[in-house]
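Only this structure's heavy atoms are used, side chains among them; waters, hydrogens and symmetry mates stay out. Keep in mind it's a predicted model, so treat the numbers as computed, not measured. Letters A, B, ... mirror the listed sequences (proteins, then strands); counts begin at 1.
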Amino acid sequence: MSRFIDELKRTHRCGELRAADEGNVVVLFGWVASRRDHGGCVFVDLRDRTGITQVVFDPAYAGAELWTAKHGKLPEDFDPKLALEAHGMAEQMRTEWVIGVRGMVVSRGNNKTTKIATGDIEVIVLEATIFNKAETPPFEISDDVQTREEIRLEKRYLDLRRPKLQHTLITRHKINQATRNYLSGQGCLELETPYLVKYTPGGARNFLVPARMAQGKFFALAESPQLYKQLLMVSGFDRYFQIVKCFRDEDSRLDRQPEFTQIDIELSFTNQSEIFRLIEGLIFAIWKEALGIDLKELYPSGQFPEMPYEEAMGKYGSDKPDLRFDLPHVDLTDLILEKGGGGVPFWAEIADRYKSGALRADLKPEIVKALVIPAAANLSRPQLEELEKGLREIKGFRGLARAKIAEDGSWTQSPLAKSITDEARLAINAACGAKPGDVICFQFGKETLVHTVMARLRSDVAKRMGLIPEYGHGGKWSFLWVVNPPLFEYDEETKTFAAAHHAFTRPVDEHIPLLETDPARVNCYRYDVVLNGFEIGGGSVRLHDPDVQQRVFNVLGIRDQDARDKFGFLLDALKSGAPPHGGIALGMDRLAMLLSGAQTLRDVIPFPKTNQATDLLTGAPVEVDPSQLAELKIKSLS
RNA sequence: GGGGUGGUAGUUAAGUCGGUUAUAACGCCGGCCUGUCACGCCGGAGGCCGCGGGUUCGAGUCCCGUCCACCCCGCCA
């Protein structure tokens, strides 16, 4: 048995040794990243999560002569027999074997390299051990090699050996530490809340957990600690935070996983701006800790800009606009209505629907929008077609009308050119600020679809123009608060209102009288914090006044009994002496993704699920034995 | 629930108009090599072309179905 581990403790990690360590005898443990056998001398790149050190198995160093000739003395504990044995092992070694070496740090002399941080030195091996052999991995453990995601997820433990992923998870650790330090320093208490909670309808679909002790009944996995953190405020804990797992049984996306982590925060005796200042401070601390970046240089006031929800939707068609570039939308709806469609049949139809009262003019359920692709983008016609092709992924998308502006202001390459009146064309050119060579893209119809299409177009054009990279931050950080969205959503079909966020969000003070007269115009103290086009957090100031609460329920058509059934415990709590309170939750995974420049959420989660919410590593979910279901009094119909 | 892209050797990819023995790089195995660092040189093995059906004299290639992964819409307050 070798002396490693019990007697010979690890003295350094593989990314640590520098020129200052020359002459020291060290012990390193790690994985064989690569092996280069020169017949005599064998080089091994030894890897752990801190980096790579080149270790050298040289039979010439098994004799005393070379040591004394080159280094003037023998290293301590020098045993020629062990050194020779080590060289024999090196000839057997293969990638991903786990080994330990004891050796002397020496200068690489003329063979220094800057490719690795330890490139000034190498370790001449005096003694080695093979802790474990390894099967040849199904893919190379390397950052540059692109491998099918399916295989990476199946062998996730190997994928996680890649330096990039290790670095990302280390970054995640730093975010967690910075968060705890900062929030604790701000007087927030880290308190835990249940995962097994009561199912409440509405909102995200819950995962259900059968309750064995109460047959036929179910828990839900918490989609967030929302209700509990409000109860903690009622209890007087004043300031709370938690880094907490949340579960939502909804379809995945590049930035959405069925189980994910939130930095959850709630404050008492607070308002919107106080919450903003706290979060800005937290984000500054995280950037400092994880990236060494001082955001004060970008935001000297220490504050992120704010934009009303309405403005964000109007200018960018999104409640989470990417402001690393501008390319604003131009809303032509009013102009088109005024011109009765401007000669374009489709637009005339929309104008007629408003005129006849079929559409409510104050809510604008159908709109006409434009986006100008500047001449400087220099996009060819095939490139424009390519942009349109990407939009076809959107359900309901029927095509993008374009118009290229000629020198005299007329439109070319456009299906609209023939029907548009000169007057409308000039008015649109002026409204868009379009100059010769620019291309105007039009989209019209249902507001939600127009916004989905145009927001995607805006982002695609920016990528095509090189304003932002395909993915990643590109060295730009654009934070934004999107504030005060409508409290209610109006459903054209059922002619009813639904809570846009949740029923416990406080309306903005001056809109409270509108609850009875014009609910569609009631905005609320809700806010999202946006980074580079991703929503990295959202929250609200809560409604703690029972009277206003009742009036909100009235708008929603929630009868007393409904409210009691769903949220009775919270309503009771709010009547028991609830302080004014509000909070926010940051998407910890998204933060980690954006901050580390990762391409998907999966790259910042050690063991992520696939798009279809399965775990390729373990095969979960699986069927269970009928006896297990019987114990729960559950029958599978599949 | 809907749309899109992809699945060929262990990995990444090529494969023309349907035509003979399905290519390449890396990896793997064997041999040589004392200064490489993605070492190099020589040789070798490796394939249910995702799966099932169909058309055809003949299918990796065409058609139908299906599974899996990814991206998007819906959904996610």
Side-chain angles (χ1 to χ4, degrees), chain A residues 33-46 52-61 66 87 94-96 108-116 118-119 122 124 135-155 158 200-206 223-224 226 246-258 260 389-397 448-449 451-453 455-456 459-460 470-471 485-489 498-505 524 526 528 535 538-540 556 585 587 599-600 602 609-612 614 616:
Chain A
S34 94
R35 189 187 68 114
R36 295 174 293 278
D37 184 345
H38 287 256
C41 188
V42 179
F43 299 94
V44 164
D45 286 347
L46 193 63
I52 283 178
T53 301
Q54 172 165 284
V55 298
V56 186
F57 299 79
D58 190 338
Y61 271 103
L66 194 57
H87 182 260
R94 293 293 182 272
T95 23
E96 300 312 314
R108 284 216 199 177
N110 294 328
N111 294 312
K112 290 189 170 77
T113 174
T114 53
K115 284 183 188 168
I116 51 177
T118 59
E122 61 191 2
I124 308 287
E135 288 176 1
T136 304
F139 52 85
E140 209 177 319
I141 312 298
S142 150
D143 282 340
D144 346 287
V145 178
Q146 288 298 309
T147 305
R148 231 172 50 241
E149 187 109 12
E150 212 171 331
I151 298 163
R152 290 178 50 196
L153 291 172
E154 263 170 38
K155 305 279 190 220
L158 291 178
T200 50
R205 187 181 293 117
N206 292 102
E223 63 190 63
S224 81
Q226 181 62 40
C246 301
F247 307 88
R248 294 181 189 174
D249 189 3
E250 298 289 351
D251 288 4
S252 298
R253 283 287 188 287
L254 174 123
D255 61 345
R256 278 174 15 200
Q257 280 271 310
F260 61 100
K389 201 176 161 197
L391 300 175
R392 292 212 186 98
E393 288 178 358
I394 297 169
K395 191 181 183 180
F397 174 73
T448 48
L449 181 62
H451 279 154
T452 303
V453 170
R456 166 76 176 269
S459 154
D460 286 354
E470 196 60 38
Y471 73 93
L487 179 56
F488 304 106
E489 269 167 8
H501 180 47
H502 68 57
F504 304 101
T505 304
C524 61
R526 177 176 155 62
D528 285 338
E535 178 196 322
S540 63
L556 295 170
Q599 196 163 358
T600 89
R602 293 184 297 282
K609 305 267 188 294
T610 67
N611 255 358
Q612 289 184 45
T614 64
L616 294 180

Ignoring backbone atoms, test whether [X] places a side-chain nitrogen or oxygen under 4.0 Å from the OP1 or OP2 oxygen of [N].
X	N	value
T614(A)	rC68(B)	no
T113(A)	rC37(B)	no
R148(A)	rG6(B)	no
R36(A)	rU36(B)	no

Quick one: the side chain of R256(A) and the base of rC75(B), do they pair up donor-acceptor inside 3.5 Å? yes
Polar side-chain contact E135(A)-rG10(B) base: donor and acceptor under 3.5 Å: no
With [X] via side chain to side chain donor-acceptor pair (under 3.5 Å) - residues at least two apart:
X	result
H502(A)	none
R526(A)	H501(A), D528(A)
E122(A)	Q54(A)

Among residues at least two apart in sequence or on other chains, which ones pass side chain to side chain contact (heavy atoms under 4.5 Å, CB included) with [X]?
X	value
T147(A)	F139(A), V145(A), I151(A), R152(A)
S252(A)	P258(A), N611(A)
A585(A)	Q262(A), D264(A)
A500(A)	E489(A)

What is the distance, rounded to the nearest whole Å, between atom [atom1] of [X] and atom [atom2] of [N]?
X	N	atom1	atom2	value
D249(A)	rC76(B)	CG	P	12 Å
I124(A)	rG35(B)	CD1	P	14 Å
N111(A)	rU34(B)	CG	C1'	12 Å
Q146(A)	rG27(B)	CD	P	18 Å
Y471(A)	rC71(B)	OH	P	13 Å
E150(A)	rU12(B)	CD	P	10 Å
F57(A)	rG35(B)	CZ	P	18 Å
N611(A)	rC75(B)	CG	P	18 Å

Close N/O contacts between protein and nucleotides 1-5 of chain B (under 3.5 Å):
residue, atom, partner, partner atom, Å
rG1(B), O6, D251(A), OD2, 3.4

Tell me what [X] touches on the nucleic acid: a base, only sugar-phosphate, or nothing, going by heavy atoms under 4.0 Å.
X	answer
E489(A)	nothing
R602(A)	sugar-phosphate
A498(A)	nothing
I151(A)	sugar-phosphate
S34(A)	sugar-phosphate
D58(A)	base
E154(A)	nothing
T95(A)	sugar-phosphate
D45(A)	sugar-phosphate

Between protein and nucleic acid, restricted to nucleotides 23-26 of chain B and to nitrogen or oxygen atoms under 3.5 Å apart, what atom pairs and distances do you find?
none

[atom1] atoms of [N] and [M], separation to the nearest Å:
N	M	atom1	result
rC70(B)	rA45(B)	C1'	33 Å
rA69(B)	rU12(B)	C1'	16 Å
rG60(B)	rG15(B)	C1'	8 Å
rG19(B)	rC32(B)	P	45 Å
rU36(B)	rG40(B)	P	12 Å
rC57(B)	rG2(B)	P	37 Å
rG52(B)	rA14(B)	C1'	27 Å
rU20(B)	rU61(B)	P	14 Å

Would you kindly compare Q54(A) and Q599(A) by the position of their nearest RNA chain B nucleotide and give the one closer to the 5′ end? Q54(A)
If you find the nucleotide of RNA chain B closest to I116(A) and the one closest to R456(A), which residue's nucleotide is nearer the 5' end? I116(A)
Look for any protein N or O under 3.5 Å of an N or O in nucleotides 29-33 of chain B and output each such pair with its distance, or none.
residue, atom, partner, partner atom, Å
rC29(B), OP1, R94(A), NE, 3.1
rG30(B), OP2, R94(A), NH2, 3.4
rC33(B), N3, D37(A), O, 2.9
rC33(B), N3, G39(A), N, 3.4

Apply ring pair (Phe, Tyr, Trp, His ring centres under 6.0 Å) to H87(A) and list each qualifying residue two or more places apart in sequence or on a separate chain. none
Atom pair NE2/CZ of H38(A) and F57(A) - distance to nearest 0.5 Å: 14.0 Å
Can you list the residues that meet the salt bridge (Lys or Arg N to Asp or Glu O under 4.0 Å) rule with D37(A), with sequence neighbours excluded? R35(A)
So E150(A) and L616(A), side-chain contact (heavy atoms from CB on, under 4.5 Å) or not? Walk me through it. CA-CA 8 Å; E150(A) 212 171 331; L616(A) 294 180; 4.0 Å; yes
Check for me: is F139(A) stacked on rU11(B) by the 5.5 Å centroid and 30° plane-angle rule? no
Look through every strand shown and name the nucleotide pairing with [N] as Watson-Crick or G-U wobble, where both distances are under 3.5 Å.
N	result
rA24(B)	rU12(B)
rC32(B)	rG40(B)
rU66(B)	rG50(B)
rC57(B)	rG19(B)

